[in-house]
Amino acid sequence: MIRDVVRDVLVSVPPESTQQAVGYPSLFLLIVLGSLVPVVPTGALVSSAAVVAFHQTAPFSLLVVFGVAASAALLGDIGLYWLGRRGVRSKNGSRWLERLRGRAEPDRLETAQRKLDKHGVMVLVLSRLIPAGRIPVMLACLLARMPMRRFVRGDVPACLAWAAAYQLIGIVGGSLFSKPWEGVLAAVVLTVLIGAAPAVWRRASTHRVSGG
């Protein structure tokens, strides 16, 4: 059913100029929103946009997608970190800081704090590439009272690496299938599997430990 919906939507796509005029701003806004509130699968958005760009004839489409994705992710991270810093400085905290705490499991936060102490801002790069790794590391940075300027210096390469990784997934999907909707479907499935892999691995490890 999902396959049929994706195919029907993409088979009747508008001209490339219309796609770009609507698609790039929409991609930017959705990634910013997804960085602030985790309701939008931003990785899947980047991969899907890369598939569509791969099949377009306009030059530099993939480069534009990369630039839009990386800049939107950076802006979203800066916004969320700024909101979190307000909570750290406030005596009563803030709802944004509490949300970050609620989304970071205690053991993952502890691991992020250890890695931050050992490796510094380079941990931000890995946090963006590991599914569900961004929030624990960001919270660790907040609790360590890392200055905004230092956080941004580490987050810039993190966002560039993140955009490149998910765009590569889209390029692979676009190269394997002749029709864009097929590539989009493959890219979405792959990003969902990548995102679910850490949770499945943790559950399997817990089951082995409890069983042993």
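Index from 1, following the sequence. All figures in this text were calculated on a predicted structure; none of them were measured in a lab.
Smallest separation of non-hydrogen atoms from Leu45 and Leu30: CD1-CB, 3.6 Å. Summarising the geometry of Thr42 relative to Ser35, their closest heavy-atom pair is CG2-N, 4.3 Å, with the distance given to 0.1 Å. The nearest pair of heavy atoms linking Ala161 to Val125 is CB-CG1, 4.3 Å. Taking each heavy atom of Ser71 and Phe28 in turn, the nearest pair found is OG-CE1, 3.6 Å. Smallest separation of non-hydrogen atoms from Ala53 and Leu62: CB-CD2, 3.8 Å. Closest of all the heavy-atom pairs between Gly170 and Ala50 is CA-CB, 3.9 Å.
Taking OG1 from Thr111 and CG from Leu116, the interatomic distance works out to 12.5 Å, rounded to the nearest 0.5 Å. Going from atom CG of Leu124 over to atom CH2 of Trp162 covers 15.0 Å, rounded to the nearest 0.5 Å. Distance check, rounded to the nearest 0.5 Å: OH of Tyr24 to OG of Ser61 gives 4.0 Å. Summarising the geometry, atom CD belonging to Gln113 is positioned 7.5 Å from atom CD belonging to Glu110; distances are rounded to the nearest 0.5 Å. To the nearest 0.5 Å, atom CG of residue Leu74 and atom CD1 of residue Ile31 are 12.0 Å apart.
Inter-residue side-chain proximity for Leu100 and Leu80 is flagged as met; some heavy-atom pair is nearer than 4.5 Å.
Under the salt bridge (charged side-chain N to carboxylate O under 4.0 Å, His left out) criterion, the residue pairs touching residues 63-83 are Asp77-Arg128, Asp77-Arg134, with sequence neighbours excluded.
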For residues 136-158, which side-chain N or O atoms pair as donor and acceptor with protein atoms under 3.5 Å away, sequence neighbours left out?
none

